[in-house]
Number of protein chains: 2
Amino acid sequence: MNTTKAIAAQAQAIQQTETALIELFVRLAQVIGLQRSIGEIYGLLFAAVRPLTMDELTQRLGISKGSASQGLRLLRSFGAVRMEYVPGDRRDHYVAELELRHLLGGFLREKLQPHLVWGAGQLNEIDRLVAALPGDDQGLLRQRLIRLKRWRTRGQKMLPMMLKLLRV
Amino acid sequence: MNTTKAIAAQAQAIQQTETALIELFVRLAQVIGLQRSIGEIYGLLFAAVRPLTMDELTQRLGISKGSASQGLRLLRSFGAVRMEYVPGDRRDHYVAELELRHLLGGFLREKLQPHLVWGAGQLNEIDRLVAALPGDDQGLLRQRLIRLKRWRTRGQKMLPMMLKLLRV
DNA sequence: CATTTTGTTCAATATAAAATGAACAATGCT
DNA sequence: AGCATTGTTCATTTTATATTGAACAAAATG
C-alpha cells in the first residue's frame with residue numbers, strides 16, 4: 001500500500017525526525033557555546049541518510065551561504081563533519097561524523113584548553129603580586145591562593161579525564 | 001620604614017593583586033557562560049580581606065547598582081557568596097565563599113543539568129518519531145540513535161562524576 | 001577563453017545578551 | 001510619623017555576538 005497519502009505521511013515523519021534532531025543539537029551547541037547555526041548544520045547532517053551539499057543546507061535550514069560556509073569550516077576543523085566525494089557532481093558533499101567525540105573533543109581542545117593554559121600563567125603572576133603585599137594581608141591571600149592552585153590542578157586533571165571519557 | 005612612598009607602593013600592590021584575581025574570575029565566568037560582571041564581583045570579593053558592601057562593589061568595579069544586586073543574588077543562589085553581619089552598620093556586607101565548588105557546582109546544577117534532563121526527554125521523542133520512518137531510512141537512523149543514547153548515558157555519568165570531583 | 005557554477009571572505013546588519021538607572025519598596029533612624 | 005538610607009526590579013540602552021549577502025576568487029564546463 002503506497003498511496004499518495006502514505007507517502008505524504010512518511011515525508012512528514014522524516015521531516016519531524018530531522019526537526020527533533022536539529023533541536024537536540026542546537027541545544028547541545030548552546031551548552032558548549034557554539035552558534036545555533038552550527039548546531040543546525042550538524043543536526044541536519046546527522047539526520048540525513050545521504051551526503052548533502054552546502055546549497056541543500058542553506059535551503060533546508062534557511063541560513064545564508066556565509067553561515068553555512070563558516071559553520072562547515074569549524075565543524076571540519078573539529079573533525080565533526082567530512083566531505084564525501086559524489087561522482088558526477090562537482091559540488092562538495094558533507095556527511096556528519098557520527099562519533100560525537102569529534103564535536104565535543106573539538107570544543108574541549110579549542111575552547112576550554114586555552115583558558116586552562118592561560119589560567120595557569122595568571123596564577124603564577126598572582127603569586128608574584130601577593131609577595132609584594134603588606135604582611136597582614138599577605139598571609140590571608142596566600143591561603144586563598146593555595147585553594148586556587150588546588151583548582152588549577154583539578155582542572156588540569158579534569159580535562160584529560162574528560163578527553164579520555166570521549167576517547168579522543 | 002613606613003614612608004608615604006612605601007605606603008603608596010603597598011596600595012598599588014593590593015590594587016594589582018585585585019585586578020589580577022578579578023581578571024582570573026572574569027575568564028572563569030566566561031568559560032562557564034556567566035556574565036562578566038559576576039566574575040568581577042566574585043573576583044573582588046575573593047581578593048578582599050574584609051566584607052564589602054554593594055556600594056563598595058559598584059564603586060570599585062564601576063558597575064551599576066542593578067548589576068551588583070542581580071549578580072549578588074545569583075552568586076548567593078549558588079552559595080558562592082554569603083552575607084556577613086557587621087555590627088553597627090545596617091548595610092549588607094558580602095564575603096566570598098572560598099571553596100570554588102560553590103561557584104562551579106551552582107553552574108552545573110543550574111545551567112548544565114536542565115539541558116541534560118531535557119535531552120533525555122527529547123531522545124525518547126526522537127525514538128518515537130523514528131519508528132514511523134520508512135523502513136530503509138529507519139534502520140540507518142536507529143543505528144545513529146543508539147550512538148546518541150550512549151552519549152546520554154555518558155552525560156548522565158559525567159555530571160555526578162564532576163559533582164563528586166567538586167565534592168558537592 | 002568566456003561563462004557558469006561553487007565556495008569563501010568580510011563589512012554591514014540583525015539579533016541576542018548584559019548593563020544601566022530611574023522608580024519603587026523595604027527598613028532603620030530620630 | 002517623617003525622612004534618609006539601602007536594596008530590588010524591570011523597561012530602556014548599550015554592548016557583544018551571530019548572521020547576512022554582495023563582492024570576490026577558484027574551478028569546471030562547453
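From a predicted model like this one, the values you see are computed outputs, not experimental measurements. Residue numbers begin at 1 in each chain, while the letters A, B, ... track the order of the sequences.
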Taking atom [atom2] of [N] as reference, at what distance in whole Å does atom [atom1] of [X] sit?
X	N	atom1	atom2	result
Leu34(B)	dA17(C)	CG	P	14 Å
Ile63(A)	dA14(C)	CD1	P	18 Å
Gln59(B)	dT6(D)	CD	P	12 Å

Considering only side-chain heavy atoms of [X], which listed nucleotide, [options], is closest?
X	options	value
Ser69(A)	dA18(D), dG7(D), dT9(C)	dT9(C)
Ser67(B)	dT20(C), dT19(D), dT6(D)	dT20(C)
Arg76(B)	dT8(D), dT20(D), dA18(C)	dT8(D)

*Check whether any side-chain N or O of Ser64(A) sits under 4.0 Å from OP1 or OP2 of dG21(D), and answer yes or no.*
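No.
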*Determine: side-chain N/O of Arg36(B) to OP1/OP2 of dT14(D), distance under 4.0 Å, yes or no.*
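No, outside the criterion.
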*Rounded to the nearest 0.5 Å, what's the gap from CG on Leu75(B) to CG on Leu103(B)? Could you check?*
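Those atoms lie 6.5 Å apart.
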*Report the distance from atom CH2 of Trp151(B) to atom CG of Leu28(A), rounding to the nearest 0.5 Å.*
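Trp151(B) CH2 to Leu28(A) CG: 9.5 Å, rounded to 0.5 Å.
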Need one value for [X]: base, sugar-phosphate or nothing, where a base atom within 4.0 Å counts as base even if backbone is also close, heavy atoms only.
X	answer
Thr53(B)	nothing
Asp92(B)	sugar-phosphate
Gly62(A)	sugar-phosphate

*Which of parallel (below 30°), tilted (30 to 60°) and perpendicular (above 60°) describes Phe25(A) and Phe46(A)?*
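Answer is tilted, since the angle falls between 30° and 60°.
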_Salt bridge Glu40(A)-Arg36(A), side-chain N to carboxylate O under 4.0 Å_ =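 Answer for the salt bridge query: yes.
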*asked:* One thing to verify: whether Arg91(B) and Glu56(B) come together as a salt bridge, which I'm taking to mean a side-chain N less than 4.0 angstrom from a carboxylate O.
replied: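 The answer is no: the pair does not qualify as a salt bridge.
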*If each of Ile38(A) and Arg91(B) is mapped to the nucleotide of DNA chain D with the nearest heavy atom, which maps nearer the 5' terminus, i.e. the 5' end?*
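Here Arg91(B) is the residue nearer the 5' end.
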*Taking the nucleotide of DNA chain D with the closest heavy atom to each, which residue, Lys65(B) or Gln70(B), is nearer the 5' end?*
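Of the two residues, Lys65(B) wins.
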*Under the 3.5 Å rule, do the base of dT29(D) and the side chain of Arg90(A) count as making a donor-acceptor pair?*
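There is none.
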*Does Glu40(B) or His93(A) map to a spot on DNA chain C nearer the 5' end, using the closest nucleotide for each?*
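Closer to the 5' end of DNA chain C: His93(A).
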